[in-house]
Structures are given as C-alpha cells and as structure tokens.
Amino acid sequence: MKSNTRNLYLIPYVLWILLFVVAPILLILYYSFFDIEGQFTLGNYKKFFTPVYLRMTLSSFWYAFLITAFSLIIAYPTAYLLTKTKHKQLWLLLIILPTWINLLLKAYAFLGIFGTFGFANSFLELIGIGRKQLLFTDFSFVFVSVYIFIPFMVLPIYNALEKLNPSLVDAARDLGASWWTTFRRVVFPLTLDGVKSGCQAVFIPALSLFMITRLIAGNRVITLGTAIEQHFLVTQDWGMGSTIAVFLIIAMAIIMVATGNRK
Amino acid sequence: MDKNTIIRFEHVTKQYDDDPPVLDDVSFEIERGKFYTLLGPSGCGKTTILRLIAGFTEPTEGNIYFNGKVINNVPPNQRQVNTVFQDYALFPHLNVFENVAFGLRIKKMKESEIEVKVKEALRFVNLEGYENREINEMSGGQRQRVAIARAIVNEPEVLLLDEPLSALDLKLRTEMQYELRELQRRLGITFIFVTHDQEEALAMSDEIFVLNKGKIQQSGTPTDIYDEPINRFVAEFIGESNIVPGKMIKDFLVEFAGKQFECVDQGFHPNEPVEIVIRPEDLEITKRDHGKLQVRVDSLLFRGVHYEICCYDQDGNEWLVHSTKKVGVGDEIGLHFDPEAIHVMRLGETEEEFEKRLGAYHEVNHEK
C-alpha cells in the first residue's frame, strides 16, 4: 500500500526523464545512422574519423581546456577571498548577477567593447599600444568564454571552501607549514571536490559552445558545437550533426566519470 | 628573569574592534616542565591566551616572551609549540600515519627517520598498529590520541591543549586525565591545558590560573586555590561552597550568622565586613544542641558518594552540607566545623594584595 503511493509520486519524474532525457538521446542515436538522403548508413561515423573532424574535435577540447584552466585560475583565488570578506552574500550575489543576463546580450556587449572603435581599443591607444584587432581572435574568444563561465566555477569552489574546517588550517600552520604548504597539502586537497564540480560545470558546456564562436571569434574557431549547428541549420545534414552529438555525449559521460567523486 | 621561565606575558591585552577586551592587561609566567591549567567559564579569555601562545592571533597591547625573546609577530609555523585542538583538527584526507607524519614531512626529515618517530609517538599514546587506519574509522578517544601523537612527535617545548577532553564521555575523560598527566611526566615538557571543568583542573595541574572576564582572578596550586579562594567568583567556580556575609571582629575572631567564631585568619581591619567561605564537606552534622550552627533541613539529594543536604539557619542563610549521614527533611540539626574550615575573603581584594597579606601573616606565624 505504502510503496504503491510512493510509486505514484514517481510517475511524473519517470515520464519527464523518458520524454526529455532518454527519448532525445535515442533520437540522436537514430538520426546518426542516416545520410542526407535518408538512407541508412555507417558513413557518418566513418566521416567523423577523417582529419577534418578530428582536428575540429581536438580544437574543441583544446579551447574547452583553455577556458576551464583560465576560469579555475581566476575563480579559485576569487572564491578564497570571498570566504574572507565581511559581506559574503553580497559579493556572491554580485558574482552570480551576470548569469541572469542573457548570453546573447553579453556577447553583443563584448562586440561593442572589443570593436575597432570600442572601449578596449581606446584604452590601448591611450596607453600608447595603439589600436589592435581584438575581435575575431582566439584571445577574445577565450576571454569572453571565461567571463561567462567564471560564476559557475566560483560557486562550487566557494561552497567547498566554506565547508572547510578553519581549525585544519590552524593545525597545519601549528605543525610548521607555511601558507603555501598549508594550501598545497591541506586546503586544496580538501576542496578538490568543489574544483572538480566547477571544472565539470565549465568544461562540458565549453566543449559545445557555438554562439560565441561565431559572434566573438567570427567562425575562426570551429568547435564541435559550431559544427553541429552548421549541419542542422545550414547544410541540413542532420545525420552528421547527430553523429557529432553522439561523440560529444560520449565525451561528456567519460569526463563525468573521470572527475566524479569516488564516494 | 628566571632561567626556568619559558613563556612570559607582560601586560597583554587583546581587543577586537571596540568590544570590551577579551584579555585585559594580563601578566604571568610559565615555567618549564610543569602542567598548567587555564580554568574559567566560556568567554573568559582562556582560549585567547592559548591562541596567542600558538601564534594564531596577535596581542593588541603588551608583549609575549618565549625563551626570553618577544614573539608577538612570529607566525605559528615558526614557534616551538604545538597544539591539540578542541575538535582535534585531524586531516580527514590523510590516514593516521600521514597525520602524525605531517609536521616531520614539512621539516623534510628522512623517510626512515619519519617511520621510526611516528611509530614511537603512536606507541606513546597506545595506538600501535593503527598506522593505516583512516581518521573516520577511529573513535573519539582514538582521534584524541592521534591528535596528541601528531603534536608531540614534533618534540615541542610547550604543548597546548584546548579543551581536548570535552568531547569524550565521563569514563573516558577520567581515564584520559590520568594518561595526560602521566604523559606530561614522561615527556617532561610544559603542558598548558585549557578547560572549563574545575575537577579536571584540580586533578591534573601543578598550577592553575583561574580566569574570568579577561583577567586572571587567582593562580596557584590546586590546593591553594581550593582552600584559599581569593574571591566569590573563584570560591563558587572551584568546587561548591557556602558563602555568607560576615564581619571580622579582630584577628582570629569572625562574626557571621549572628554568632562569633574562632578562626585562623588575620590581617584585617577591626570590624571589617568580609565574606566567609565554608566548604560543604567541612560541615559535620550533629545533634542540634552540639552544633555551632542550628539549621533546618530543607532538601536532600542522593549523590552517590554522599548526600547533598540543603539547610537554612534562622537568618535565612543557605548552608550546603555534604554528608554520608542521612537526615529527614524538616529536621532541626546542628552543624559543627573546625576553625580551620572557615576561610575569610576580603571584599574586592586583588591577587597581589591577597598574596601580600598571606605573606605578612605567614611571617608572623613563623616568629611565634
């Protein structure tokens, strides 16, 4: 009787998962076996292993790695300082605030800032470096992506640091550890879970970025995300788009398992 | 300065912002190889003293000396003291061996030497064979021992213990009191133990500092402090006591509860108002007519070792008696006590004045 009612409660969730998680994945898998004429084929998978797509995969991973690494380098000290400030909640809110603004709007804002006559170039001219091509470069792509992803890195690290028992830091200092050793041997290992969740929250979406690649990097950077978008919207080759998506899903699953918590 | 002095506080004040000071102009000396206890209620400043010695915080005013050198701004990792924390602060990501080896690894000691030292430290605290256990597999008492081993393996000159027994159950706590005392004797180093538990302090210490509101109220051996508390706070905080107002008629004669009694205290002004302390175990139940005081039993509580009997005299003063004799509630009984059982406290006397007065009449006694 009791377990029956519990099963009743589960129905909406099971339906949700079936409709919006399992079905789309199966559909993607299904489409990946058809070519542009609607014929069954394994050709899409063969095509994926050609140098064009492999290079694209490699560059996707490389940029996702760069974005994650820079986010981490900026976010960890930020989160650390955040735990030491007086008005933690206020500062945290200020860091989360940009995520409430639409991604497209933020991208367009950067078009203005990095443009030939934008704020960034005026500043460069002012300090005597002169106008530079900023937009449509690797730099601007990574810069804007890092800017967008930082809150997602800060939050889990901040939570992990907040959970850290401060007397452990005292204990390490007491046993003769310098600040750096204390960080390396105690603080960082104990906040590793937060770092891992942060990296997952950044690396996986960064792998399939597409809008920013076009707007900020001017399609100079072609990632798997861009490729999927192009196949679905421009070349109408849904089969190839799905195949790339299948590989992306596999890659994400591997990353989730690899960085997952052992507990 | 005495060669035996290892730590000295000179007019140390610690204050956060505009709050009242946590420590207010505190001065004292700690000698080598003794067991010290900082005793007081929570918020009295005892943990602050420990944190100042360990280097986790700096004094607002005054100087702290270690082996004769000012160490106010020396960071904790450069001090020859180690701490056993209240919550043990063991590193959850390291096993028992690595926790104990933490300090040695920082000193870049050879692996073989580390192994020998860690094993020795673990043997010292009766934890042989637990090297590869994870911290979350250890019980509270075992964690406590790991924390002690982790501290003493670094061979500190002073070991600081911040209420390390408060998380243990009563039986384990009593056991650990013996062990800590024994450990201190074997190591021969200075222990500074912080607690709010007066029984713990009395049982373990060579010397006790009783603190309240950021000031040292009294310092001395456990028997000094128990037998001759300087003021109401100390008398009430250490053990149980009957404190009644009285008047010092002249040397060796005191008046309270409407009667005059012979006592052993002197050095007061004639007819000076004072407070009288008599410990409950010094009161003896007799027949009503034989007692020095006549009281009526108000309540009776069985405490195991003794009965705790609460009585009132005709003036309304409460008298707490510890006795193995059983009496009935409402009985009229007499209380007997020796002149030595009466301790007279001068109102508002500082520790310095107290010592001076004690010293003065010790001299008088010697002359006799």
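Chain naming here is simple, since letters A, B, ... match the order of the sequence lines and numbering starts at 1 in each. Being a predicted model, the structure only gives us computed values, none of them experimental.
Looking at every heavy atom in both residues, Ala79(A) comes nearest to Val154(A) through CB-O, 4.0 Å.
Contacts between Asp174(A) and chain B at a heavy-atom distance below 4.5 Å involve backbone atoms as well as side-chain atoms. Heavy-atom distances place both the backbone and the side chain of Asn82(B) under 4.5 Å from chain A. The parts of Ser178(A) that come within reach of chain B are both its backbone and its side chain, each placing non-hydrogen atoms under 4.5 angstrom from that chain. When heavy atoms are compared at a cutoff of 4.5 Å, Arg79(B) does not approach chain A at all. Heavy-atom distances place both the backbone and the side chain of Leu168(A) under 4.5 Å from chain B. Within the 4.5 angstrom heavy-atom criterion, no atom of Leu104(B) approaches chain A. Contact annotation for Phe56(B): only side-chain heavy atoms (C-beta onward) come within less than 4.5 Å of a heavy atom of chain A.
Chain A forms the most heavy-atom pairs under 4.5 Å with one residue out of Pro156(B), Pro92(B), Ala147(B), and that residue is Pro92(B). Contact count versus chain B (heavy atoms, under 4.5 Å) is highest, among Val186(A), Val169(A), Asp170(A), for Asp170(A).
With respect to the salt-bridge test (charged N to carboxylate O, under 4.0 angstrom), the residues Glu179(B) and Arg145(B) qualify. At a threshold of 4.0 Å, the pair Glu200(B)-Arg181(B) does not count as salt-bridged, since none of the basic side-chain nitrogens sits closer than that to a carboxylate oxygen. For Lys46(B) and Glu163(B), the salt-bridge test passes: some basic side-chain N is under 4.0 Å from an acidic carboxylate O.
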Open item on the list: Let's go through Tyr76(A) and Tyr158(A) carefully: what are the C-alpha distance in whole Å and the side-chain angles of both, what is the deciding distance for ring pair (Phe, Tyr, Trp, His ring centres under 6.0 Å) to 0.1 Å, and is it a yes or a no?
Closed with: CA-CA 8 Å; Tyr76(A) 203 106; Tyr158(A) 171 81; over 10 Å; no
- [ ] Go through the steps to decide whether Tyr36(B) and Phe193(B) satisfy the test ring pair (Phe, Tyr, Trp, His ring centres under 6.0 Å), and finish with yes or no.
- [x] CA-CA 6 Å; Tyr36(B) 287 88; Phe193(B) 185 90; over 10 Å; no
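Using cut-offs of 30° and 60° on the angle between ring planes, the pair Trp16(A) and Phe20(A) is tilted.
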